[in-house]
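Worksheet for the structure shown next.
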Amino acid sequence: MNIKETFLILLILTIVGCQNYDKKENLLVQKEFGKWRKNCDSLSVELNLEKFNNWNELIERAERISCNDSVPKITLKTEKISKTIYFQNPCWEKFACILIKEKNVIVINNNKVIKNSEKFYPLDSLKTILKKDYYNFGKNPSLSDNPEKLLIQISYEKNEFKNFKKTLKKLTETYEEIAKNRNINIWLNERIETIPITKPPPPIPLY
């Protein structure tokens with residue numbers, strides 16, 4: 001076999017390999033969660049989890065992105081699915097407060113689910129709790145008013161987030177299964193609390 005024949009074979013193999021790679025990429029299912037709000041049409045900025053030493057650094061970065069009129073996001077990839085998750089964290093520099101009703105919030109803190117600051121439930125209970133809230137439509141006054149106002153807050157008290165990706169994976173899978181859509185509202189929070197408001201300036205009723 002001469003040099004020309006060898007070069008030709010290598011060229012053919014390279015072209016075939018690239019075609020197979022393109023087919024594999026095209027088979028990857030693309031899913032976007034939390035991109036139904038108008039502000040998500042703005043520039044989005046990836047949060048690279050490997051670059052953060054602790055949870056507070058991640059929260060601070062998400063807020064800086066929001067204050068720059070952009071949307072923080074995280075992309076999770078498997079062999080078959082690429083999930084882009086957009087977070088609705090507000091820029092607290094621009095808002096003195098945002099009125100949030102506790103009944104419209106589900107908290108996931110240290111991989112435990114909390115509803116109405118009462119009981120801590122294992123993460124396996126997420127589907128049951130989320131389903132009750134999502135389909136409540138104001139019937140139970142202690143649960144969410146409607147799906148559009150439902151807010152998921154994720155927080156870690158110990159300032160570490162080893163299981164964060166697993167929590168996001170379970171949360172997005174559970175939400176999509178229950179809601180049959182991906183219009184999820186997620187905030188990355190520093191700690192468990194709702195903001196007590198007595199005489200606020202005109203609130204922004206986002207949720």
Side-chain angles (χ1 to χ4, degrees), residues 31-37 39-40 44-67 70-77 83-92 95 98 100-134 143-144 147-179 181-195 206-207:
K31 293 186 177 184
E32 292 184 317
F33 290 83
K35 203 182 179 182
W36 63 296
R37 291 190 176 277
N39 64 341
C40 287
S44 58
V45 179
E46 185 74 25
L47 294 169
N48 186 344
L49 298 181
E50 305 301 326
K51 292 184 177 181
F52 301 101
N53 296 315
N54 55 61
W55 182 249
N56 283 346
E57 287 185 6
L58 179 61
I59 296 294
E60 290 170 4
R61 176 58 179 152
E63 183 171 349
R64 285 200 301 272
I65 292 171
S66 297
C67 289
S70 299
V71 182
K73 67 179 180 180
I74 287 177
T75 303
L76 304 178
K77 286 187 177 181
K83 288 183 180 180
T84 302
I85 305 163
Y86 298 86
F87 302 100
Q88 304 296 329
N89 283 56
C91 173
W92 292 111
F95 302 113
I98 297 176
I100 306 171
K101 294 181 180 178
E102 188 178 23
K103 66 179 181 177
N104 290 325
V105 179
I106 295 175
V107 175
I108 301 177
N109 181 71
N110 290 349
N111 302 306
K112 299 289 185 181
V113 183
I114 307 167
K115 182 63 188 177
N116 293 329
S117 302
E118 293 178 352
K119 294 182 179 180
F120 288 66
Y121 301 92
L123 195 58
D124 291 341
S125 303
L126 178 62
K127 183 177 180 179
T128 301
I129 296 170
L130 184 57
K131 189 173 183 179
K132 285 181 179 179
D133 256 334
Y134 191 89
L143 300 180
S144 177
E148 289 189 4
K149 292 185 178 181
L150 184 58
L151 172 65
I152 314 296
Q153 294 182 348
I154 300 178
S155 60
Y156 288 86
E157 286 182 347
K158 295 182 179 179
N159 212 15
E160 59 182 36
F161 52 104
K162 293 179 181 178
N163 296 320
F164 183 43
K165 286 185 178 181
K166 291 182 179 178
T167 298
L168 282 178
K169 180 177 181 294
K170 184 174 183 63
L171 174 58
T172 50
E173 287 176 352
T174 304
Y175 188 92
E176 187 175 16
E177 179 184 351
I178 291 172
N181 63 59
R182 304 179 192 123
N183 303 335
I184 188 170
N185 299 323
I186 306 176
W187 280 15
L188 305 180
N189 228 21
E190 291 185 2
R191 54 190 177 274
I192 309 172
E193 66 175 11
T194 52
I195 304 171
L206 295 180
Y207 302 96

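If you read the sequence from its start, that first residue is 1, and numbering goes on from there.
- For Tyr156 against Asn163, the heavy-atom pair with the smallest separation is OH-C, 3.8 Å.
- Side-chain contact between Val105 and Ile152: absent, with no pair of heavy atoms (C-beta onward) separated by less than 4.5 Å.
- Qualifying salt bridge (charged side-chain N to carboxylate O under 4.0 Å, His left out) partners for Glu176, counting only residues two or more places apart in sequence or in other chains: Lys31, Arg182.
- What you find for Tyr134 and Pro147 is that their closest heavy atoms are O-CG, 3.3 Å.
- The closest side-chain heavy-atom distance from Ile106 to Leu151 is not below 4.5 Å.
- Minimum interatomic distance between Ile59 and Glu190 (heavy atoms only, all atoms of both residues): CG2-CG, 3.7 Å.
- For Cys67, the side chain to side chain contact (heavy atoms under 4.5 Å, CB included) test picks out Glu63, Cys91, Glu93, with sequence neighbours left out.
- Between the side chain of Ser66 and the backbone N or O of Asn89 there is at least one donor-acceptor pair closer than 3.5 Å.
- When the side-chain hydrogen bond (donor to acceptor under 3.5 Å, both in side chains) test is applied to Thr172, the partners found at least two apart in sequence or on another chain are Lys83.
- Residues satisfying the side-chain hydrogen bond (donor to acceptor under 3.5 Å, both in side chains) criterion with Thr167, sequence neighbours excluded, are Asn111.
- No hydrogens or angles considered: a donor-acceptor pair under 3.5 Å links the side chains of Ser155 and Asn109.
- Judged by distance alone, with hydrogens and angles left aside, the side-chain atoms of Trp187 form no donor-acceptor pair with the main-chain N or O of Gln153 at under 3.5 Å.
- Listed by chain and residue number, nothing satisfies the salt bridge (charged side-chain N to carboxylate O under 4.0 Å, His left out) test with Glu60 (two or more places apart in sequence, or in another chain).
- Residues passing the side chain to side chain contact (heavy atoms under 4.5 Å, CB included) test with Asn159 are Asn54, Trp55, Asn56, sequence neighbours excluded.
- Contact of the Ile74 side chain with the Leu168 side chain is registered, since non-hydrogen atoms from C-beta on lie closer than 4.5 Å.
- For the salt bridge (charged side-chain N to carboxylate O under 4.0 Å, His left out) test, residues two or more places apart in sequence or in another chain that qualify with Lys169 are Glu173.
- Residues Leu150 and Asn104 have side chains not in contact (no heavy-atom distance under 4.5 Å, counting atoms from C-beta outward).
- Counting only heavy atoms from C-beta outward, the side chains of Leu47 and Leu188 approach each other to under 4.5 Å.
- For the pair Leu49 and Phe161, the minimum side-chain heavy-atom distance is below 4.5 Å.
- By the side-chain hydrogen bond (donor to acceptor under 3.5 Å, both in side chains) test, Thr75 pairs with Glu46, sequence neighbours left out.
- A 4.5 Å side-chain heavy-atom check between Asp124 and Lys170 finds at least one atom pair inside the cut-off.
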>> Using side-chain contact (heavy atoms from CB on, under 4.5 Å), reason through Phe120 and Val113 one step at a time and then give a plain yes or no.
In response: CA-CA 6 Å; Phe120 288 66; Val113 183; over 6 Å; no
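- Residues Thr84 and Lys73 have side chains that never bring a donor and an acceptor to within less than 3.5 angstrom of each other.
- Within the structure, the salt bridge (charged side-chain N to carboxylate O under 4.0 Å, His left out) test picks out the following pairs touching residues 103-116 (sequence neighbours left out): Lys103-Asp145, Lys115-Asp133.
- For the side-chain hydrogen bond (donor to acceptor under 3.5 Å, both in side chains) test, residues two or more places apart in sequence or in another chain that qualify with Lys127 are Glu177.
- A donor-acceptor contact shorter than 3.5 Å is absent between the side chain of Asn183 and the backbone of Phe33.
- Nearest heavy atoms, Pro72 versus Ile65: N-CG2, 3.6 Å.
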>> Would Ile184 and Tyr86 count as a side-chain contact (heavy atoms from CB on, under 4.5 Å) here? Give the steps.
In response: CA-CA 9 Å; Ile184 188 170; Tyr86 298 86; over 6 Å; no
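- Lys119 is not listed as a side-chain neighbour of Ile114, based on a closest heavy-atom distance of 4.5 Å or more.
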